[in-house]
Amino acid sequence: MIEFEGVVKDFPGGVRAVDALDLTVEKGEISVLIGPSGCGKTTSMRLVNRLIPLTSGRITVDGRDNLEFAPEELRRKIGYAIQQIGLFPHMTVGQNVAVVPRLLGWEEQRVRQRVDGLLELVGLDPDVQRDVYPRQLSGGQQQRVGVARALGADPPIMLMDEPFGAVDPITRAVLQDEFLQIQATIAKTVLFVTHDIDEAIKMGDRIAVMRTGRLVQYATPDELLAQPVDDFVRAFVGGDRHLKRLGLVRVRDVMAEPDERTPELDGEAVLEHTSVRDALSVLVGRGFDATPVVDAQGRLCGVITLNGLRAAVRRAARERASEERASEERAAEGEA
Amino acid sequence: MPVNRVAVLGSLIAGLSLFFLPLVELKPNRLASGIPFFLLQFEGDVRYLALFVLALLPLVVALRRADVVRGALLAGLGNALLFLTLYLPAVAGEVLLADAAAWLGEGVRLSNPRLLPSAGLALGLFGAYTVLYGGLRDLVVAGAPRSLRVAAAWGGLLLVVLAALSGRFDVYSVVVEFQARGQQLAQRTVEHVMFVAVALSIGLVLGVGLGLWAHRDRRASPVILYLVGIIQTVPSLALFGVLLVPLARLGDQLATSVALALVASLALAAAALALYRTIGQRLRGAARQVVLLLVTVSAAVPVALFTVVVASFSFRVSLLAFTSAAPALANLRSAMLVALIAAVGLQLAVRRQRVDTARRSLARAAWVGWGALAVTLVVALVTASQLFLARVESAATLTVRDLGVSGIGPAPAVIALTLYSLLPLVRNTYAGLTNVDPAVIDSGRGMGMSAPQRFMQIELPLALPVIMAGVRNASVALVGIAAIATVIGAGGLGDFILGGIINTSIDQILLGAIPAVLLAVLLDAVLRATEQLLVSPGIRVSGEAAPS
Ligand SMILES: Nc1ncnc2c1ncn2[C@@H]1O[C@H](COP(=O)(O)OP(=O)(O)OP(=O)(O)O)[C@@H](O)[C@H]1O
Ligand SMILES: [Mg+2]
């Protein structure tokens with residue numbers, strides 16, 4: 001768990017990069033920091049492992065004030081993937097990944113096993129890539145090594161500053177999926193920086209939107225899309241926020257039972273874990289009214305229709321309206 | 001690929017100069033001038049004309065399709081030309097020398113007559129080497145096997161060395177001179193090497209230290225870089241003059257009082273630095289410059305004292321260690337040689353060995369070899385310093401002059417050389433460290449490396465190629481500058497060169513100049529090899545990355 005309590009950071013020259021930041025990253029969750037360039041994302045992150053000293057406020061890591069640790073000790077416990085990757089060019093991939101374990105004085109045997117395990121985890125072949133140098137890798141492979149290196153000594157907490165920033169959209173999507181898969185098993189507490197709203201929605205358990213050093217809204221992706229607190233966040237999440245919201249829902253959650261006519265539908269089948277947004281795109285794009293749903297093994301398991309999707313969206317909007325009413329009432333009561 | 005223009009050029013140079021310029025000059029003795037001989041004047045048969053034909057053959061070959069065959073042919077011709085340009089005139093020369101009196105005419109005092117190589121021979125060699133180089137380029141481009149490239153590069157030179165060893169070139173004046181003064185040459189060469197080695201070692205410590213300081217302290221860096229730059233512009237003769245009086249004065253001092261002065265000035269420097277650290281930051285403008293200057297000057301005194309004494313003393317002691325006939329030192333020298341050969345051999349074996357465990361034990365053995373070398377070197381130096389100090393009666397009367405500091409002689413020479421080595425070392429250390437990608441250092445910090453760990457594991461290895469380039473620059477330059485040390489009676493290969501100039505004896509000049517050039521080339525090669533060993537393949541500029 002990482003907690004920011006009233007954290008302020010002034011740089012010399014009077015730049016207030018972080019202003020009264022209150023934020024809690026829950027254990028085992030990914031919190032995404034997002035905001036326009038220069039809003040203080042990297043700065044907030046570097047305050048956690050004390051790469052820069054804070055001006056006032058408090059940051060606790062797993063319940064302990066981070067000032068209690070020696071800086072080096074703190075940093076070895078916190079995995080850090082920096083924005084520019086920053087692999088050590090004179091070390092092989094294996095040596096890069098082994099840096100923190102070696103700093104911690106692990107036995108050679110254990111380091112070796114850990115390195116090979118991590119390389120496999122991030123989708124690299126240890127026998128092929130362990131002994132090559134970073135410059136022999138593609139950008140995507142370097143990002144993978146960066147993540148593996150941050151995971152080096154199995155730190156409970158990870159800071160990831162645009163870890164998939166420098167690759168093409170397809171590779172980026174692959175890396176995101178792989179990291180989510182890894183996270184499902186290792187459940188790290190992750191502070192993740194990006195300025196791509198789609199990445200934030202995909203990766204985050206919670207999203208913190210920042211603007212000029214201040215936290216504007218901290219909410220789950222669905223809440224953020226449903227109820228942006230102000231025009232800045234609304235503009236930031238984009239005019240297609242309702243469509244994006246559909247992206248958070250899986251087809252399997254809104255599909256209907258297949259009936260006897262379903263197998264005869266000539267629409268192309270969609271997989272059950274496709275997002276509703278993508279399914280809608282299939283329906284609209286091909287001009288179908290309905291299309292079958294199959295599971296991973298290709299077995300028919302349901303059907304979705306345009307009318308059914310519309311109903312699902314309406315239902316969600318109704319729920320939101322009543323929530324909004326309820327919260328307005330609560331606010332009114334509070335004022336009274 | 002087009003015509004091999006390099007080979008064409010070489011062929012023309014060789015052909016024209018061998019034909020139109022005198023190849024050798026027949027001299028009655030060391031000093032008197034002789035008479036020139038052209039290729040056509042050589043007595044005998046058409047063999048000598050073959051040299052001319054051989055020189056022009058590459059013209060034909062260079063027009064061929066570019067491939068391994070062309071490369072091999074050109075390299076072969078180049079090597080043959082290289083060898084024969086030296087060999088055939090020597091054969092002809094023997095005939096000339098046998099009848100020297102007839103050629104030179106009556107009344108000339110013949111003592112040890114000899115052949116002075118002339119312009120035609122020198123340019124012929126140059127042309128031969130150019131052809132060889134053109135062939136080597138073809139071989140590299142065509143991807144010829146390494147063994148062929150090595151054979152092509154060194155074959156002719158090997159023949160030349162073998163012929164020289166078997167006495168084939170004894171007619172040439174340089175060889176005559178060498179045979180007359182071999183003993184002296186060895187002594188001067190050792191001195192020369194010692195100048196460079198001692199100056200470079202001390203310069204390395206000072207230069208890397210100053211470069212580090214310049215890198216760390218942004219305010220000090222312009223001052224440091226400016227000062228070492230200034231040193232470089234002082235002509236070496238002027239530097240000797242400037243050093244003369246202070247060193248002579250210093251020599252009169254008692255060693256104990258100088259040691260005291262060193263400690264006192266160190267304390268002063270430390271105090272000034274502490275003062276600068278605390279109040280220097282808050283000062284503005286001129287006041288800060290004054291404080292900074294104070295720090296610099298107070299730090300310069302102990303550094304200068306230390307450098308002067310250590311440099312002079314190390315030079316005397318290492319010279320003694322490598323030349324003394326004392327049996328203990330002779331034994332240590334043999335031990336050093338054995339350790340060196342073993343270490344280099346093992347190191348080479350490590351690179352060839354593919355099996356992981358075997359490689360590791362070989363590497364360990366190589367480290368033992370290097371360790372043994374270091375230990376024997378230290379023991380030799382200690383033994384030599386005992387020998388050197390044996391003349392002194394007691395520590396109380398020990399003067400700085402007894403430690404080897406003097407106004408003329410090797411002390412000012414080695415100190416001046418140390419100063420000259422500073423610029424490339426400081427500048428390259430500074431540039432190397434400053435150009436390390438900040439993101440890489442930052443990620444090291446983020447992973448929890450301490451400042452010393454960051455320096456040793458990241459900054460130094462990444463700056464190493466640039467620092468090593470500075471070391472090579474400095475060492476090659478020092479080999480040249482060391483030749484001037486002779487004017488203050490310091491010895492070295494400059495003795496032959498200066499003597500040759502005074503006597504107008506080209507043979508003698510060459511006797512000093514050729515070993516100096518060879519020394520520079522050899523030193524450069526050794527340092528390049530060291531660089532190969534030390535610099536990670538991940539950041540090597542040339543060459544492919546490590547095998548995957
Ligand atoms: N070392 C520093 N000294 C002075 N100002 C700084 C320093 N580092 C950052 N800043 C300032 O603090 C503000 C926040 O910078 P920060 O790097 O945290 O932005 P960011 O949100 O990570 O931006 P990006 O998305 O471009 O990476 C910026 O205005 C920047 O100029
Ligand atoms: Mg940033």
Side-chain angles (χ1 to χ4, degrees), chain A residues 42 45-46 48-52 69-93 95-104 108 112 125 127-137 145-146 149-153 155 158-161 166, chain B residues 218 281-282 350-351 353-357 359-361 363-364 432-433 435-469 531-548:
Chain A
T42 299
M45 179 166 272
R46 290 161 70 87
V48 175
N49 61 1
R50 290 178 58 193
L51 283 172
I52 46 180
F69 303 91
E72 275 85 33
E73 185 199 356
L74 183 75
R75 290 174 200 150
R76 289 172 197 175
K77 288 172 30 152
I78 299 179
Y80 181 36
I82 76 165
Q83 195 165 355
Q84 305 87 340
I85 313 182
L87 295 181
F88 303 133
H90 60 299
M91 297 185 186
T92 62
V93 166
Q95 288 167 339
N96 264 284
V97 176
V99 166
V100 182
R102 292 220 166 101
L103 286 175
L104 292 171
E108 236 2 71
R112 235 187 134 67
D125 182 351
D127 292 328
V128 179
Q129 264 115 15
R130 187 202 313 113
D131 298 320
V132 306
Y133 288 89
R135 69 168 176 191
Q136 295 163 274
L137 298 179
V145 177
R149 186 174 66 165
L151 285 166
M158 304 267 290
L159 306 174
M160 305 178 80
D161 198 348
Chain B
R218 218 174 317 148
Q281 317 286 354
R282 268 178 271 142
V350 170
R351 294 179 66 179
Q353 184 58 252
R354 286 269 160 262
V355 186
D356 219 28
T357 46
R359 196 174 50 213
R360 222 170 296 164
S361 34
R364 219 166 290 152
L433 289 173
N435 286 339
V436 174
D437 182 0
V440 171
I441 300 177
D442 196 51
S443 69
R445 229 158 75 79
M447 303 180 80
M449 287 185 175
S450 63
Q453 280 167 339
R454 253 172 4 241
F455 181 72
M456 293 307 294
Q457 293 177 30
I458 300 177
E459 299 187 75
L460 194 58
L462 287 179
L464 201 62
V466 186
I467 298 179
M468 283 302 288
E531 196 174 329
Q532 285 287 310
L533 281 180
L534 293 180
V535 172
S536 154
I539 53 169
R540 226 169 265 160
V541 193
S542 56
E544 326 80 90
S548 51

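Residue numbers begin at 1 in each chain, while the letters A, B, ... track the order of the sequences.
If you measure heavy-atom distances from A/Leu103 to chain B, the contacts under 4.5 Å come from the side chain alone. Contacts of A/Leu104 with chain B are absent, with no heavy-atom separation under 4.5 Å from either backbone or side chain.
Taking the salt bridge (charged side-chain N to carboxylate O under 4.0 Å, His left out) definition, one finds that B/Arg359 meets it with B/Asp356, sequence neighbours left out.
Taken from CE in B/Met447 to CZ in A/Arg102, the straight-line distance is 11.5 Å, to the nearest 0.5 Å. Taking CZ of A/Arg135 as the start and CD1 of B/Ile539 as the end, the distance is 8.5 Å to the nearest 0.5 Å. To the nearest 0.5 Å, atoms OG (B/Ser450) and CZ (A/Arg75) are separated by 10.0 Å.
Proximity to chain A at a heavy-atom threshold of 4.5 Å picks out B/Ala439, B/Val440, B/Asp442, B/Ser443, B/Gly444, B/Arg445, B/Gly446 from residues 437-446 of chain B, in numerical order.
The shortest distance between side-chain heavy atoms of A/Phe88 and B/Pro461 does not fall below 4.5 Å.
Your options are A/Arg149, A/Gln84, A/Arg50, A/His90, and the one with the most heavy-atom pairs under 4.5 Å with chain B is A/His90.
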